[in-house]
Amino acid sequence: MKTTAAGVAVAVVEKNKVIFSKGFGYRDIANKLPVTDTTQFAIGSCTKAFTASLIGILQKEKEIDLDKPFTSYLKDFKFYSPELTQQITLRDMMSHRTGLPRHDLSWFVDPDTRENLTKRIEFMEPSAPLRQTWQYNNFMYLLQGVLTEKLTGKSWESNVESKIFSKLGMGRSNFSVKTMAAYKEPALGYNVVKDSIIHNTPYYEIDGMGPAGSINSTVLDMSQWLKVWINGGKLDTVQIIPASFVTEATSSQMIIGPGLPNTEKPNVQFSNYGFGWMLSSYKGHYRVEHGGNITGFSASTCFFPTDSIGIVVLANQDGSKVPSIVRNTIADRVLGIKYFDWNADAIKSAKEAKEIAQKAEQRVLAIRFYKLQHRTL
């Protein structure tokens with residue numbers, strides 16, 4: 001077993017400078033076209049921090065209160081019950097604590113327009129009480145994007161373009177796989193079969209769910225994004241995101257899970273969520289990170305605010321461990337931490353998971369065989 005990837009691009013930021021950027025492998029295997037630092041990848045859920053930031057940017061201008069019921073702004077909108085309709089706030093939605101499970105098959109199997117996808121939420125039954133359990137939910141970020149559209153009269157895409165991309169010089173970023181396909185240097189998406197066989201997979205269009213995960217970008221553009229977060233919402237001297245929102249977005253809003261250390265990694269601790277960011281302690285360094293996975297692509301965007309270090313890793317492989325392996329390996333190097341073989345650790349974890357799945361399957365087969373042998377005719 002080994003960790004495999006078609007291609008990967010990496011950039012490292014320190015304060016206001018990109019100190020490393022490079023591509024590895026292929027953006028197009030069949031034609032042997034290499035990945036560079038200007039190759040465009042789908043970043044999946046790394047999009048969420050852009051959507052949350054748009055709320056933060058509009059917060060003062062549109063008098064948005066994160067702790068008011070969401071329906072204060074979309075008055076005709078309904079959640080599953082009258083109680084939830086009256087109680088769910090933007091803060092709940094941004095930190096995944098609404099009690100609604102993912103319901104991802106609703107949009108993935110049947111993609112639709114943003115308007116029609118939004119209408120489905122009323123019929124989605126919660127599986128936990130409000131604010132009790134962290135449950136990741138793409139629809140809640142769709143709703144945030146829809147809110148920005150209602151408040152501004154402009155599309156979510158137009159708002160992100162004008163209020164973020166254009167101000168950061170992110171000219172190699174866009175919102176649709178159709179646009180990415182026409183880009184001069186697009187990465188094709190791939191998946192892996194039997195741990196090593198790489199297959200091309202068609203682009204998957206998720207324009208309707210755009211605010212939850214449709215941005216395509218390059219590591220150089222994403223470096224601009226990281227500079228803003230590392231520097232308290234500023235790019236150079238210009239305040240792009242309000243400093244107060246940066247503080248809230250990178251502070252714990254909801255516990256994801258126990259986040260307990262283990263004997264092999266005693267210094268990787270806690271697991272919380274802010275607004276579009278996951279928070280943890282990485283070997284004594286406060287880490288703000290979010291992954292991204294969409295058909296054919298994987299990503300990781302992270303920064304260490306007290307160290308003024310940012311790392312972005314984009315890969316054109318579905319569900320790949322490579323972004324997290326590369327991210328952690330680089331973090332150890334730039335933070336001056338003792339070497340740890342993250343690649344071997346990922347292989348070991350994957351092997352253990354595979355063995356557990358095989359044993360579970362064997363138990364199911366054994367139970368079925370027993371019932372066949374002892375059934376009463």
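Computed from a prediction, not measured in an experiment: that's the story for all the values here.
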Rounded to the nearest 0.5 Å, what separation is found between the CG atom of N316 and the OG1 atom of T39? 8.5 Å

How many angstroms lie between atom OG of S53 and atom CD1 of I164, to the nearest 0.5 angstrom? 5.5 Å

Can you check side chain to side chain donor-acceptor pair (under 3.5 Å) on H199 and N191, steps first, answer last? CA-CA 5 Å; H199 285 284; N191 59 18; 5.6 Å; no

With sequence neighbours left out, which residue pairs that include part of residues 28-61 fulfil the ring pair (Phe, Tyr, Trp, His ring centres under 6.0 Å) condition? F50-F165, F50-W225

Decide yes or no for [X] and [Y]: does some side-chain heavy atom of the first lie under 4.5 Å from some side-chain heavy atom of the second?
| X | Y | result |
| --- | --- | --- |
| V13 | I309 | no |
| T179 | Y183 | no |
| F297 | Q317 | no |
| V10 | V312 | no |
| M94 | Q144 | yes |
| D110 | L117 | no |
| D37 | T218 | no |
| M254 | N272 | no |

Looking at [X] and [Y], would you say the former's side chain and the latter's main chain have a donor-acceptor pair under 3.5 Å?
| X | Y | value |
| --- | --- | --- |
| T47 | A212 | no |
| D341 | A344 | yes |
| S95 | Y273 | no |
| S308 | E14 | no |
| Q135 | G99 | yes |
| S298 | S320 | yes |
| E115 | G208 | no |
| N200 | G189 | yes |

Any salt bridge (charged side-chain N to carboxylate O under 4.0 Å, His left out) involving [range]? Give me the pairs, sequence neighbours left out, ordered by first then second residue.
| range | answer |
| --- | --- |
| residues 24-34 | none |
| residues 228-241 | none |
| residues 244-255 | R91-E248 |
| residues 292-302 | none |

Those residues that, when tested against [X], pass salt bridge (Lys or Arg N to Asp or Glu O under 4.0 Å) (two or more places apart):
| X | result |
| --- | --- |
| E63 | none |
| R97 | D92 |
| R327 | E289 |
| D65 | none |

Residues 68-78 vs side chain to side chain donor-acceptor pair (under 3.5 Å), sequence neighbours excluded, gives none

Aromatic rings Y136 and H290: how do their planes relate, parallel, tilted or perpendicular, breaks at 30° and 60°? tilted

With sequence neighbours left out, the residues meeting side-chain contact (heavy atoms from CB on, under 4.5 Å) with S244 are P242

Does the distance from a Lys or Arg side-chain N to an Asp or Glu carboxylate O, for E157 and R114, drop under 4.0 Å? yes

Linking Ile, Leu, Val, Met, Phe, Trp and Tyr through side-chain heavy atoms less than 4.5 Å apart, which residues share a cluster with L105? V109

Locate the shortest heavy-atom distance separating F175 from E161; write the atom from each residue and the value. CZ-N, 4.0 Å

On a heavy-atom basis, the closest approach of A331 and Y282 is CB-CE2, 4.0 Å

Evaluate whether atom [atom1] of [X] has more than 12 neighbouring non-hydrogen atoms of other residues, nucleotides or ligands under 6.0 angstrom away.
| X | atom1 | value |
| --- | --- | --- |
| F77 | CZ | yes |
| I29 | CD1 | yes |
| K154 | NZ | no |

Examine [X] and [Y] and state if one hydrophobic cluster contains both, with Ile, Leu, Val, Met, Phe, Trp and Tyr joined whenever side-chain heavy atoms are less than 4.5 Å apart.
| X | Y | answer |
| --- | --- | --- |
| L33 | Y190 | no |
| V160 | V238 | yes |
| M209 | F108 | yes |
| L90 | M124 | yes |

Would F245 and F275 count as a close aromatic pair, with their ring centres under 6.0 Å? yes

W277 and F303 aromatic centres sub-6.0 Å: yes

